[in-house]
There are 2 protein chains.
Amino acid sequence: MTVVAKSTRPKVVDVARHAGVSTATVSRVLNNNPRVDPEIAERVRASLSELGYRMNSVARSLRRQSNSVVGVIVPDIANPFFTDVVRGIGDALRDDGYMLMLCNSDDDTDLEASYLRLLSAQQVSGVIVAPADSLRSDLTELTSTGVPVVVIDRLAGTGDFDSVVFDNRTGAAQLTARFVEAGRRRIAHIAGPERTFTGSARREGYLEALAAAGIATDGALIVDSDYSEEGGYRAVRELLASSTPPDAIVIANNAMTLGAIRALTELDVDPETIALASFDPVPWSTSQRYSLVVLDHETMRMGTEAAALLVARIGEPSREPEIRRLSAGTVAVFAD
Amino acid sequence: MTVVAKSTRPKVVDVARHAGVSTATVSRVLNNNPRVDPEIAERVRASLSELGYRMNSVARSLRRQSNSVVGVIVPDIANPFFTDVVRGIGDALRDDGYMLMLCNSDDDTDLEASYLRLLSAQQVSGVIVAPADSLRSDLTELTSTGVPVVVIDRLAGTGDFDSVVFDNRTGAAQLTARFVEAGRRRIAHIAGPERTFTGSARREGYLEALAAAGIATDGALIVDSDYSEEGGYRAVRELLASSTPPDAIVIANNAMTLGAIRALTELDVDPETIALASFDPVPWSTSQRYSLVVLDHETMRMGTEAAALLVARIGEPSREPEIRRLSAGTVAVFAD
DNA sequence: ATGAAAGCGCTAACAG
DNA sequence: CTGTTAGCGCTTTCAT
């Protein structure tokens, strides 16, 4: 086995010596400062590559008092919705030279708070966070220390931040109206938690569409659930236990939709008698048995918008907080 | 709108002054150094919280020449397999006080290389990487600068690293044998790229099981594919175009399995006539129409093992590289 | 047990 | 256009 000499990384001073210039000049070359004699710059670059110089970003960050790292906190990285958002963020920020520090809060405000603290300690340039709990999540720790923050998916209760959210109300209304037009009348709703931003907005949209169509709302057709697969499963079992079961269900998120499909399959419900509509991408789903439409949210766009907002704020920390509401989206027929 | 004073963060020197001690003492308290007078330590802690001190990890990292950050590079964060692995890594490393810097190489060796460079510049304590291309991925950049590396999922071609891989050969053999025992005889295989570590191993396992059962291999039953959803879809269409179609298919990964199911559904193949087996978690899949078994790999364990290996190497950089081969896993009946 | 002081690697005034 | 120099905030010998 060959023993590789732990070749100590060359530093700017080594490069400077090698190129016969000062460290300042090397630093200028490193930062593409235009006022360096092209010939000297070339010599420095030669030394740079000859010595195999590698920047120490930690030192640079300390000196510059800013880091090219952005923190991202999501409640569940396994959820396709958030993976898409994160991809959007990553793609957009890479162009600006930022790296991502991705954290999974697991929907736990304590864990979230601890990540917030860690990110702040890491002197990240900014943080994009999908709050675990829009009411209890505490972002003041960051804002008080002047770290730029962008909130996504759910609006944060306290304070005003740059935010990117979907127009969930209109989206839900769209899905519901679609069923109405298709002649469905017993349209149920498996709702997300009332206290969540998305949950309450989607419920409102559902109710609004029913009202607009002149269909009386039936309390028995609205099941409060919790955004979990299991919750969706239980909700469907509850809805179908009724003597007058629904002929369509608007489901407030992707995980519950999977649970719902599982329940329908298990109960062997005739696909002709029921139609489903859901939010958020469900890319790994393959049930082609039950009719399912999903609201195509352009999820990655939420990420790119958030990134743009963050970059804008980093550039101008005192700008007014801006809330971007992304249009409801288009209905995508997923299976029929 | 209230203007929040951009309260400049207190530094150790501020705390020291406030507590009437030296910066060294504050630092010792910060690091739980036992040889500090308990009374003084208490006083320092009081100042710490009174002033709302927040550690600047960048400065600490520069001084300590080490960072409590670990880089993780995966080819596709949207793949449930990798999300699970990342969760495993995250959970395990959080206990050791590390944060994760997650990068998505998008199966692109160039992007991967650039992340490798960035992570190295960030002075991360170590890197866990699932190489985009086990042959062309270049990890020497890291190893030459002494950054601990753990390779997961696929073995890296050049050099020997700490690695964690599944026993893919045995796993594929297990799935295949299961079909044989169930009386199936025309068992097909939708294979991953031959040059990939997992692809070739799974193919070998499949062939091995057939040989062990004394079943002649039929070239027409083996379709080379590319691990993509679309690839799985095309493979099934190809297999079913035959006059003697398979009665079972061993599919080399989760994405191709989804494509396969889509094709079967589209062709409206009788579920009784075909059975599927797949690798990797497919948690968001909900097809209960076709019989599907998957190899339960304990995916998160790959993450925790990788984390353990990395921590071990950080602690003892000169230890011999170790390759952990995780047992094939148990067959999980996913739908029947 | 505590403090003084040096210095991690880099950048940005400031001079020249 | 280039060099000198003073730190960024923290930790850690080395004295005391």
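So that the names make sense, note that chain A is the first sequence line, chain B the second, and so on, each numbered from 1.
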Ionic contact status for B:Arg17 with B:Asp14, cut-off 4.0 Å
yes

Salt bridge or not for A:Asp84 and A:Arg87, using N-O below 4.0 Å?
no

Is the closest side-chain heavy-atom distance between A:Met99 and A:Val70 below 4.5 Å?
no

According to a strict under-4.0 Å criterion, is B:Gln65 in side-chain N/O contact with OP1 or OP2 of C:dG9?
yes

So where does chain A start and stop touching DNA chain D, 5' to 3', when the test is distance under 4.0 Å to a non-hydrogen atom?
D:dC1 to D:dG9

Does B:Asn31 form a side chain to side chain contact (heavy atoms under 4.5 Å, CB included) with B:Arg60? I'd like the steps, not just the answer.
CA-CA 11 Å; B:Asn31 294 286; B:Arg60 165 182 279 189; 2.9 Å; yes

How close do B:Thr299 and B:Phe166 get, heavy atom to heavy atom, and via which atoms?
CA-CZ, 4.1 Å

Let me have the donor-acceptor pairs involving side chains of residues 116-129 of chain A, under 3.5 Å, with sequence neighbours excluded, atom names and distances please.
residue	atom	partner	partner atom	Å
A:Ser120	OG	B:Arg9	NH2	2.4
A:Ser125	OG	A:Asn67	O	2.0

Between CG of B:Leu102 and OH of B:Tyr115, what distance do you get to the nearest 0.5 Å?
9.0 Å

Base, sugar-phosphate or nothing for B:Val58? Non-hydrogen atoms, less than 4.0 Å.
nothing

Donor-acceptor pairs are to be reported for all side-chain atoms of residues 44-53 of chain B against protein atoms at under 3.5 Å, with residues two or more places apart or in another chain.
residue	atom	partner	partner atom	Å
B:Ser47	OG	B:His18	ND1	2.8
B:Ser47	OG	B:Arg43	O	3.3
B:Ser49	OG	B:Ala46	O	3.3

Can you tell me how far C1' of C:dA1 sits from CD of B:Glu42, to the nearest Å?
17 Å

Determine whether the side chains of B:Asn104 and A:Arg94 contain a donor N or O and an acceptor N or O closer than 3.5 Å.
no

Side chains of residues 301-309 of chain A: which donor-acceptor partners sit under 3.5 Å, not counting sequence neighbours?
residue	atom	partner	partner atom	Å
A:Arg301	NE	A:Glu305	OE2	3.3
A:Arg301	NH2	A:Glu305	OE2	3.3
A:Thr304	OG1	A:Arg301	O	3.0
A:Glu305	OE1	A:Arg324	NH1	2.5

Protein-to-nucleotide contact annotation, 5' to 3' order, nucleotides 10-16 of chain C [B base; S sugar-phosphate only; - none; under 4.0 Å, heavy atom]
BBBB---

Does B:Thr25 make a side-chain N or O approach to OP1 or OP2 of C:dG3 shorter than 4.0 Å?
yes

Taking five pairs at each end of the helix from C:dA1-D:dT16 to C:dG16-D:dC1, what angle separates the two helix axes (nearest 10°)?
40°

